[in-house]
Q: 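What follows is a structure written as structure tokens; I'll ask about it next.
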Amino acid sequence: TEVSDYTTVGRWQYDRGWGNLYVSNIRRYRKNWPKMKKLIKRLIRMFKYDDFVFPPDQMELMAVQELRSEMPSDAHRIKTIKRIDFKGDKHARASVLSDRCEGGQVYVTSSRHSKLFIDEHVKFPDLHDDFVDMSSVATHHFELQKIFDFAIVKNAPIKSAYERQLLEKVQ
């Protein structure tokens with residue numbers, strides 16, 4: 001409907017060497033599930049080597065199950081963020097991308113929706129935050145939130161040598 005949230009999609013790439021994020025193919029839609037599912041399946045076939053990552057919300061989890069069932073040969077590329085890794089509130093999760101933006105490490109390819117993407121992040125929190133949600137899923141997929149886990153969760157236990165290294169970088 002005209003008041004429903006948008007469904008947003010984008011193609012994200014992460015350069016681990018430089019720490020840069022690249023966002024392209026940004027789109028937003030207001031479609032019912034059958035039409036959106038058809039579009040997602042087309043994207044999965046078009047981008048044969050990409051993962052398709054969804055947030056850990058109930059509706060998305062059902063969508064993931066349905067897509068995996070209908071596309072068994074691509075099921076390994078249809079993923080969701082684990083709820084346990086999706087820490088903090090929406091503002092805390094959004095800070096992961098905003099920090100990269102401030103560091104000049106986010107590149108957005110010009111497209112029909114790229115201005116909306118940027119505006120929504122600049123105005124966050126605002127009426128629409130669907131692109132912000134998409135960005136949060138992407139940064140969590142690339143595990144960039146681990147740097148911020150220590151700030152998001154008070155007294156977060158350090159579980160590995162990798163997390164110790166991240167903590168040293170933050171301090």
Side-chain angles (χ1 to χ4, degrees), residues 3-30 36 40 43 47 50-61 63-64 78-171:
V3 294
S4 298
D5 280 346
Y6 288 97
T7 299
T8 57
V9 297
R11 189 167 190 223
W12 290 77
Q13 295 171 299
Y14 176 53
D15 178 346
R16 291 191 187 280
W18 292 97
N20 294 332
L21 286 164
Y22 303 91
V23 191
S24 62
N25 300 81
I26 299 167
R27 299 281 185 275
R28 78 177 189 177
Y29 303 93
R30 263 197 186 129
M36 198 64 221
I40 293 169
L43 292 171
F47 295 102
D50 292 357
D51 289 336
F52 289 79
V53 185
F54 295 82
D57 301 317
Q58 192 62 42
M59 293 303 291
E60 285 81 359
L61 293 174
V64 165
I78 302 168
K79 302 177 178 194
T80 185
I81 300 297
K82 292 180 183 126
R83 172 61 61 192
I84 196 166
D85 292 334
F86 218 55
K87 298 174 184 168
D89 64 11
K90 190 175 284 210
H91 294 83
R93 291 191 308 264
S95 69
V96 178
L97 185 74
S98 64
D99 182 65
R100 298 262 166 188
C101 289
E102 287 177 18
Q105 294 178 292
V106 179
Y107 298 86
V108 180
T109 301
S110 181
S111 71
R112 184 176 72 194
H113 291 120
S114 57
K115 184 173 177 356
L116 285 170
F117 173 87
I118 293 167
D119 287 348
E120 191 175 290
H121 283 82
V122 169
K123 294 175 184 175
F124 178 75
D126 200 20
L127 178 63
H128 296 292
D129 60 7
D130 308 292
F131 283 123
V132 174
D133 290 340
M134 176 183 69
S135 299
S136 181
V137 169
T139 56
H140 278 70
H141 175 67
F142 295 124
E143 299 184 334
L144 301 178
Q145 84 286 358
K146 288 185 182 281
I147 294 172
F148 291 88
D149 277 354
F150 305 104
I152 292 171
V153 180
K154 283 189 176 184
N155 302 320
I158 298 173
K159 299 176 190 140
S160 68
Y162 174 68
E163 289 179 344
R164 279 197 242 341
Q165 289 174 329
L166 290 174
L167 182 58
E168 289 171 11
K169 287 182 183 179
V170 173
Q171 294 173 343

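Residue numbers count from 1 along this sequence.
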Q: Return a table of donor-acceptor pairs under 3.5 angstrom between the side chains of residues 19-26 and protein atoms on other chains or two or more places apart.
A:
from	atom 1	to	atom 2	distance (Å)
Asn20	ND2	Tyr22	OH	3.3

Q: Roughly how far, to the nearest 0.5 Å, is OG of Ser135 from CG of Leu144?
A: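 The distance works out to 11.5 Å.
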Q: Let me confirm one number: the OG1-CG distance from Thr8 to Leu116, rounded to the nearest 0.5 Å.
A: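 Interatomic distance, Thr8 OG1 to Leu116 CG, rounded to 0.5 Å: 11.0 Å.
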Q: For Ser136, does its backbone N or O pair with a side-chain atom of His140 as donor and acceptor, under 3.5 Å?
A: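 Yes, His140 side chain to Ser136 backbone: donor-acceptor pair under 3.5 Å.
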Q: Distance check, rounded to the nearest 0.5 Å: Leu97 atom CG versus Glu102 atom CD?
A: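 Answer for the CG-CD pair, Leu97 versus Glu102, is 10.5 Å.
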Q: Give me the atom names and distance for the closest heavy-atom approach of Arg30 to Asp5.
A: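 Nearest heavy atoms, Arg30 then Asp5: CG-O, 4.1 Å.
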Q: Looking only at heavy atoms, which two atoms of Leu61 and Pro56 are closest? And how far apart?
A: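 Looks like CD1-O, 3.9 Å.
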Q: Which residues pass the ring pair (Phe, Tyr, Trp, His ring centres under 6.0 Å) test with Phe52, not counting sequence neighbours?
A: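 Checked Phe52 against ring pair (Phe, Tyr, Trp, His ring centres under 6.0 Å); zero matches.
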Q: First locate atom CE of Met134, then atom CZ of Arg27, and finally report the distance between them rounded to the nearest 0.5 Å.
A: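 Those atoms lie 11.0 Å apart.
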Q: Just do the salt bridge (Lys or Arg N to Asp or Glu O under 4.0 Å) check on Asp130 and Arg28 with the steps written out, would you?
A: CA-CA 8 Å; Asp130 308 292; Arg28 78 177 189 177; 5.5 Å; no
Q: In sequence, state the C-alpha distance, the side-chain angles, and the governing distance for Trp12 and His141, and then conclude on side-chain contact (heavy atoms from CB on, under 4.5 Å).
A: CA-CA 10 Å; Trp12 290 77; His141 175 67; over 6 Å; no
Q: Using the test side chain to side chain contact (heavy atoms under 4.5 Å, CB included), find all partners of Ile40 that sit at least two apart in sequence or belong to another chain.
A: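 Checked Ile40 against side chain to side chain contact (heavy atoms under 4.5 Å, CB included); matches are Trp33, Met36, Ile44, Phe54, Leu67.
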Q: Is a donor on one side and an acceptor on the other found under 3.5 Å between the side chain of Asp15 and the backbone of Trp18?
A: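 A pair under 3.5 Å: yes.
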Q: Please step through side-chain contact (heavy atoms from CB on, under 4.5 Å) for the pair Arg100 and Tyr14, ending with a clear verdict.
A: CA-CA 11 Å; Arg100 298 262 166 188; Tyr14 176 53; 4.0 Å; yes
Q: Taking all non-hydrogen atoms of both residues into account, name the closest pair between Glu120 and Val132 and its distance.
A: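 Where Glu120 meets Val132 most closely, the heavy atoms are OE2-N, 3.1 Å.
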